[in-house]
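Structure, as C-alpha cells:
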Protein chains: 2
Amino acid sequence: MKRLTIQRQAILDLINRSNQHWDAEELARCLNKNGHQLGIATVYRGLGALENSGLIQSIQLADKKRYERADKGHHDHLICTNCGDIEEFCDDKIEQRQQQVAQDLSFHMTGHQLLMFGICQRCFNQSAGSEAL
Amino acid sequence: MKRLTIQRQAILDLINRSNQHWDAEELARCLNKNGHQLGIATVYRGLGALENSGLIQSIQLADKKRYERADKGHHDHLICTNCGDIEEFCDDKIEQRQQQVAQDLSFHMTGHQLLMFGICQRCFNQSAGSEAL
DNA sequence: ATGATACTGATAATGGCTATCATTCCCTTT
DNA sequence: AAAGGGAATGATAGCCATTATCAGTATCAT
Ligand SMILES: [Mn+2]
Ligand SMILES: [Mn+2]
Ligand SMILES: [Zn+2]
Ligand SMILES: [Zn+2]
C-alpha cells in the first residue's frame, strides 16, 4: 500500500472505532451514510490493502469475508448458526498444539483459522423458552 | 434423501474409492469422462444430499467446498498455499479444548472447522533447492 | 510545471452455487 | 399391467461476492 488515502483512512477508522466483524457491503453502506463517498470497488480494494499492511484482519466465512480491528491480535471465533452472532476466544493450549501438529508433519504453518459453529447462549435460552409453550 | 439414484451412487462410489478432496466440477468432469452422464446441477444436489445423509463430508475453503469420504471420521486440514495440497490430522487435545472453550462460554457447539495454512514439506524443500542457485 | 505512479469509481466479468421448470424416473396403489 | 404421485434430473437462468477493466483523478518526485 503506497498511499493511505482519505477513503482508506475512513475504512480504517470505522473498523478501529467499532468492535464488529464487517463485510464490504456493510462498510460501504455505513460510510456513505456518514458523509463519506466511496464506491464499492474502492472498499474491496481498500480492505485488501489494509489487510496486507496488517492494519486490519479478517475471517473467511462460507459466503463472505468479514473484517475487524487488528489491535485485538489473533483470536478464533464461535459463530451462532441461528442469529449469526460472532464471539471470540483465544486458547493458548490450542495454539500450541497447532504448532506441534505442524512441526510433526514438517508443515511450515503461516496461519490458521478455527471456526466453531453452534448456538449461542441467547438463542439457546430463547428456544428453550418457546419449547415450554 | 429419498432415493439413492445411480447418479448419486456414482458420485458416492467415486468419492469412496478415492482419498481426495473433490470439488463439484472435478467430480463432474471425472464421472463424465468415465461413462457416467450427469449434469453439473445434479452433482451439486447429489453432494448436498449425500452430505446431509452423512455419507460424505466436506470442508469449506475460501472459494469452494471440497468433499471427501466420511468413513475417515472427523479430522482437520493443513493446506499448502503454494501447491494446494491438503494434509489431514486429528488432535484429541485440540478437540477437547474446543469443547472446553464452548462450555466456558455457554456456547452449544454443533461443529467446527480448523484450517492450517502454510507450505508443505515438498514445496519447502523445492524452494530451498532453487534458492541455492 | 511535468511526468510518473497510485488510486478511484462505474461497470463488466467471473465463478461457485442455487432456483426454476419441463421432463423422466420410481414406487405405490389399484 | 396401468395409473398416479413424489422425487430426481438436466439445461439454463439467476444470484451474489469478488475481481478485472479502464478512463479519469489525485499525489508524489524531479
Ligand atoms: Mn474477531
Ligand atoms: Mn480430509
Ligand atoms: Zn445466536
Ligand atoms: Zn505444497
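Chain identifiers are assigned alphabetically (A, B, ...) following the order of the sequence lines, protein sequences preceding nucleic acid strands; residue numbering begins at 1 within each chain. Computed over heavy atoms, backbone and side chain alike; hydrogens, waters and symmetry mates excluded.
Each of A24(B) and T5(A) was matched to the nucleotide of DNA chain C holding its nearest heavy atom; the match closer to the 5' end belongs to T5(A). Between D63(B) and A41(B), it is D63(B) whose nearest contact on DNA chain C lies nearer the 5' terminus.
A straight line from CZ of R66(B) to C1' of dC17(C) spans 15 Å, rounded to a whole angstrom. Summarising the geometry, the separation between CE on M1(A) and C1' on dA6(C) is reported as 12 Å, rounded to the nearest angstrom. Per the geometry, CD belonging to Q9(B) stands 13 Å off P belonging to dC26(C), to the nearest Å. In this entry the distance linking NZ of K2(B) with C1' of dT9(D) reads 17 Å, nearest Å. Nucleotide dG9(C) holds its C1' atom 16 Å from the NE2 atom of H36(A), rounded to whole Å. Distance, E51(A) CD to dT19(D) C1': 15 Å, rounded to whole Å. Atom CG of L47(A) is separated from atom C1' of dC7(C) by 15 Å (rounded to the nearest Å). We find that CG of L4(A) is positioned 11 Å from P of dC28(D), with the value rounded to whole Å.
In the model, D104(B) has a side-chain atom that pairs as donor or acceptor with a side-chain atom of Q100(B) under 3.5 Å. Side-chain polar atoms of H21(A) and E88(A) form a donor-acceptor pair below 3.5 angstrom. Neither side chain, Q96(B) nor D92(B), offers a donor N or O lying under 3.5 Å from an acceptor on the other.
For I40(A), the listed nucleotide lying nearest its side chain is dT11(C); candidates were dT11(C), dG9(C), dA6(C). In this structure, of dG9(C), dC26(C), dC17(C), it is dC26(C) that holds the atom nearest to the side chain of R3(B). With dG10(D), dC7(C), dA8(D) as the choices, the nucleotide that has an atom nearest any side-chain atom of R8(A) turns out to be dC7(C).
Under 4.0 angstrom from either OP1 or OP2 of dC17(C) there lies at least one side-chain N or O belonging to Y44(B). Proximity of Q7(B) to the phosphate of dC25(C): no side-chain N or O atom is located under 4.0 Å from OP1 or OP2.
Looking at heavy-atom distances under 4.0 Å, E25(A) makes no contact with the nucleic acid at all. Using a 4.0 Å heavy-atom cutoff across all strands shown, Q60(A) reaches no nucleic acid atom at all.
When ring centroids are compared, H112(B) and H74(B) come within the 6.0 Å threshold.
At a cut-off of 3.5 angstrom, the base of dT18(C) holds no donor-acceptor pair with the side chain of R45(B).
A salt bridge links E68(A) with K72(A): at least one charged nitrogen is closer than 4.0 Å to a carboxylate oxygen.
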